[in-house]
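Computed over heavy atoms, backbone and side chain alike; hydrogens, waters and symmetry mates excluded. Values in this document were obtained by computation on a predicted structure and should not be read as measured data.
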Amino acid sequence: MSYVYLVDGTYELFRAFFGAPSAVKNGREVGATRSLLRSFSGMLLDPDVTHVGIAFDTVIESFRNDMFPGYKTGAGIDPDLWNQFPLAEQATRALGIVTWSMIEFEADDALAAFAARAAEDPSIEQVRICSPDKDLCQCVRDPKIVTYDRRQKKAFDSAGVRERLGVAPEQVPSLLALVGDTADGIPGIPRWGEKSAAKVLSKYRNVAEIPDDSRSWELQVRGAPALASELARAREDALLYEKLATLRLDVPLTETVEDTRFRGVNHAELRKMCEILDAEDVLARFSN
């Protein structure tokens, strides 16, 4: 069976930077990249990982910043983390992983677009999006596309999304529009929380369908008049936030599904990376 693993490189690098030991080589912090190299090398030795791609936010800003000035930026990122983005991309390419360096679009857009493409391939058993980000839950389509926890080796289908967020995968942008997403700088609508938003979205498919007057709501929600009032006041904002939270599927990725098939590491480049990162143990894993 063939599985496509699509990895959120930005999340993985942030996680490694704040979780892995610091390491300085030639005056440069490289600890997070070394952690990624070791983690992904172990992943590639898993026989289930037949195809793999990874996306990085090479530039944090994207087209969404033109739509909404408050959207996330690279401001405040630790220079020791920021300076490792190019190094991390070098490392994943040395491992033989198709690596997307995103500038106009975001890494999550690339993952969403390629997941949709790969799901149409009859030779692919399943596409596994390796990220805990809420916005990527909108990509889930049973049974071909799931989100996946690499460490627990656990997949989350539509039922898993409902259990976690209280809505169907296709409603995730609407949920994030109402409650906000601090990771992406989406403020949400005042008074709306996950429970109230999920309950309202159990009746209405998206923001546009929610009536301004709570007396028209065909369900009982605590604090409904105040919720409806806030939404009516900020309806245009909510619709904008919904667009911001909707991942793009038209990202111009040139790779085919077959291009992501793992065919082995680039030994020459991997040897260089292992020297830079003091990670010769990784090279030994692929010596045979």
Is the closest side-chain donor-acceptor distance between Glu125 and Ser2 under 3.5 Å?
no
Is it the case that over 12 heavy atoms from other parts of the model lie below 6.0 angstrom from the CZ atom of Arg205?
no
Assess, by modelled atom type and distance only, whether the side chains of Glu12 and Ser39 contain a donor and an acceptor separated by less than 3.5 Å.
no
Looking at Lys203, I'd like to know if its NZ atom is crowded, meaning that more than 12 non-hydrogen atoms belonging to other residues, nucleotides or ligands lie closer than 6.0 Å.
no
Could you tell me whether the side chains of Tyr204 and Glu218 share a donor-acceptor contact shorter than 3.5 Å?
no
Contact list for residues 99-122, test ring-ring contact (aromatic ring centres under 6.0 Å, His included), sequence neighbours left out:
Phe63-Phe105, Trp100-Phe114
Would you please test Glu104 and Ser62 for side-chain hydrogen bond (donor to acceptor under 3.5 Å, both in side chains) and show each step?
CA-CA 5 Å; Glu104 179 184 356; Ser62 70; over 6 Å; no
Can Gln152 and Asp149 be counted as having a side-chain donor-acceptor contact under 3.5 angstrom?
yes
Quick one: do the Ser158 and Asp142 side chains pair a donor with an acceptor below 3.5 Å?
yes
Apart from Val59 itself, what residues make up its hydrophobic cluster, given side-chain heavy atom links below 4.5 Å?
Ile103
Residue pairs, two or more places apart or on separate chains, that pass ring-ring contact (aromatic ring centres under 6.0 Å, His included) and touch residues 223-251:
Phe68-Tyr241
Residues pairing under side chain to side chain donor-acceptor pair (under 3.5 Å) where one sits in residues 244-253, two or more places apart or in two chains, turn out to be Arg248-Asp250
Within residues 10-44 or reaching into it, pairs that qualify as ring-ring contact (aromatic ring centres under 6.0 Å, His included) - sequence neighbours excluded:
none
With a 3.5 Å cut-off and no angle check, do the side chains of Thr99 and Glu89 form a donor-acceptor pair?
no
With no hydrogens and no angle check, just 3.5 Å: does a side-chain donor-acceptor pair link Thr256 and Arg261?
no
Which residue pairs pass the salt bridge (Lys or Arg N to Asp or Glu O under 4.0 Å) test when at least one of the two sits in residues 173-186, sequence neighbours left out?
Lys72-Asp184
